[in-house]
Amino acid sequence: MQKSECHGGVQLRNRVTGNCDQRISSSTQIKNRTTFQRSKSSSSTSSPESTRKHPRPSDKLNPKTINPFGEQSRAPSAFAAIYSKGGIPCRLVHGSVKHRLQWECPPENLPFDPLLITLAEGLRETKHPYTFVSKEGFRELLLVQGAADKAVPLLPRLIPVLKAALAHSDDEVFERGLNALVQLSVVVGPSLNDHLKHLLTSPITSALQKLEQHGGSGSLIIIKAKIPTYCSICC
């Protein structure tokens with residue numbers, strides 16, 4: 001009887017000891033798991049991926065508008081560099097309905113050389129505010145009294161710049177160049193005639209290429225029949 005009780009006591013003691021060992025083992029596993037999770041969380045927080053800045057929604061609202069004083073991913077154009085340094089004697093005034101230019105002094109008191117040429121170069125810009133400043137500045141400068149006397153001597157330097165705008169692949173640049181050419185013709189009159197042969201090729205070729213692009217091979221046959229020297233967009 002005493003032997004049986006002794007054997008039962010040993011079994012009970014082993015069971016209690018085993019349960020205690022299991023609890024210690026489980027507790028150790030939980031602690032190890034918690035430590036690993038904290039270490040993983042700390043590692044992910046300090047990783048480069050977590051500290052990388054994500055673009056704000058506002059950054060995509062107006063991708064064509066740029067800050068002329070901000071850092072750009074590429075070197076600014078000649079016109080942009082001049083504008084950012086205050087080389088254009090006017091500033092853009094934002095209105096609720098439309099924008100306008102405010103000149104530092106009356107435009108009639110400004111020398112056209114090199115301002116008119118610089119504004120003409122800006123016609124090839126594709127971003128605001130350069131597009132508006134160049135287009136409106138060119139137009140307003142030609143409206144001043146005595147503009148013809150100031151503009152005619154600049155024609156040999158103006159024509160290549162306008163031709164470059166007329167040959168631009170951007171439709172809006174082409175339109176600004178064409179409008180500027182018409183505005184210039186109103187001011188200088190027949191003085192432009194000697195330069196027309198250098199200008200007409202660009203707008204005519206561009207217009208024909210647009211007709212071919214939208215009209216297909218049928219339009220190319222018609223164009224070639226009338227203008228054998230026409231160079232197709234497929235060439």
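One is the number of the first residue; the rest follow in order along the sequence.
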Is there a path of hydrophobic side-chain contacts, each under 4.5 Å between heavy atoms of I/L/V/M/F/W/Y residues, joining V173 to L181? no
Non-hydrogen atoms of F112 and A151 that approach each other most closely: CD2-N, 4.0 Å
CG/L178 to CG/L199 distance, rounded to the nearest 0.5 angstrom? 10.0 Å
So, taking the atom named NZ in K224 and the one named OG in S232, what distance separates them when rounded to the nearest 0.5 Å? 7.0 Å
How far apart are the closest heavy atoms of D170 and H168, and which atoms are they? N-ND1, 3.0 Å
Between I222 and L208, is there shared hydrophobic-cluster membership here, with clusters defined by ILVMFWY side-chain heavy atoms closer than 4.5 Å? no
Does the side chain of E172 reach to within under 4.5 Å of the side chain of T131, using non-hydrogen atoms? no
Are V186 and L184 linked, directly or through intermediate hydrophobic residues, by side-chain heavy-atom contacts shorter than 4.5 Å (ILVMFWY only)? no
Go through it in stages, so that I can follow the logic: the residues are W103 and N109, the test is side chain to side chain contact (heavy atoms under 4.5 Å, CB included), and I'd like the CA-CA distance, side-chain angles, deciding distance and then a yes or no. CA-CA 11 Å; W103 295 89; N109 296 337; over 6 Å; no
Member of I159, L158, V187, V152 meeting the side chain to side chain contact (heavy atoms under 4.5 Å, CB included) criterion with L192: I159
Between L101 and F132, is a side chain to side chain contact (heavy atoms under 4.5 Å, CB included) present by the stated rule, with each step listed? CA-CA 9 Å; L101 293 181; F132 181 83; 4.0 Å; yes
Gap separating the NZ atom of K98 from the CD atom of E136, nearest 0.5 angstrom: 8.0 Å
Does atom CD (E175) have a neighbourhood of more than 12 heavy atoms from anything else shown, all under 6.0 Å? no
Atom pair CG/CZ of L92 and R100 - distance to nearest 0.5 Å: 9.5 Å
Do Y230 and I221 share a hydrophobic cluster, counting only Ile, Leu, Val, Met, Phe, Trp and Tyr and linking them when any side-chain heavy atoms are less than 4.5 Å apart? no
Which heavy atom of E108 sits nearest to which heavy atom of K150, and what is that distance? O-NZ, 2.9 Å
If you look at every heavy atom in P153 and P156, which pair is closest and at what distance? O-CD, 3.6 Å
State, to 0.1 Å, how close S134 and G122 come at their nearest heavy-atom pair, and which atoms those are. OG-O, 3.0 Å
Would you say E212's side chain and I233's backbone share a donor-acceptor pair under 3.5 angstrom? yes
Between L123 and F79, is there a shared hydrophobic cluster once you connect ILVMFWY residues whose side-chain heavy atoms come closer than 4.5 Å? yes
Short side-chain to backbone donor-acceptor contact, R157 and P114, under 3.5 Å: no
Check: N193 and L196 side chains under 4.5 Å, non-hydrogen atoms: yes
Test log, rule side chain to side chain contact (heavy atoms under 4.5 Å, CB included), inputs C90 and V133: CA-CA 8 Å; C90 64; V133 172; 4.3 Å; yes
Exercise: identify the closest heavy-atom pair between L141 and V144: O-CG2, 3.1 Å
Straight-line distance of S77 OG to Y83 OH, nearest 0.5 Å: 12.5 Å
Approximate separation, where rounding is to 0.5 Å, of Q183 CD and E140 CD: 10.5 Å
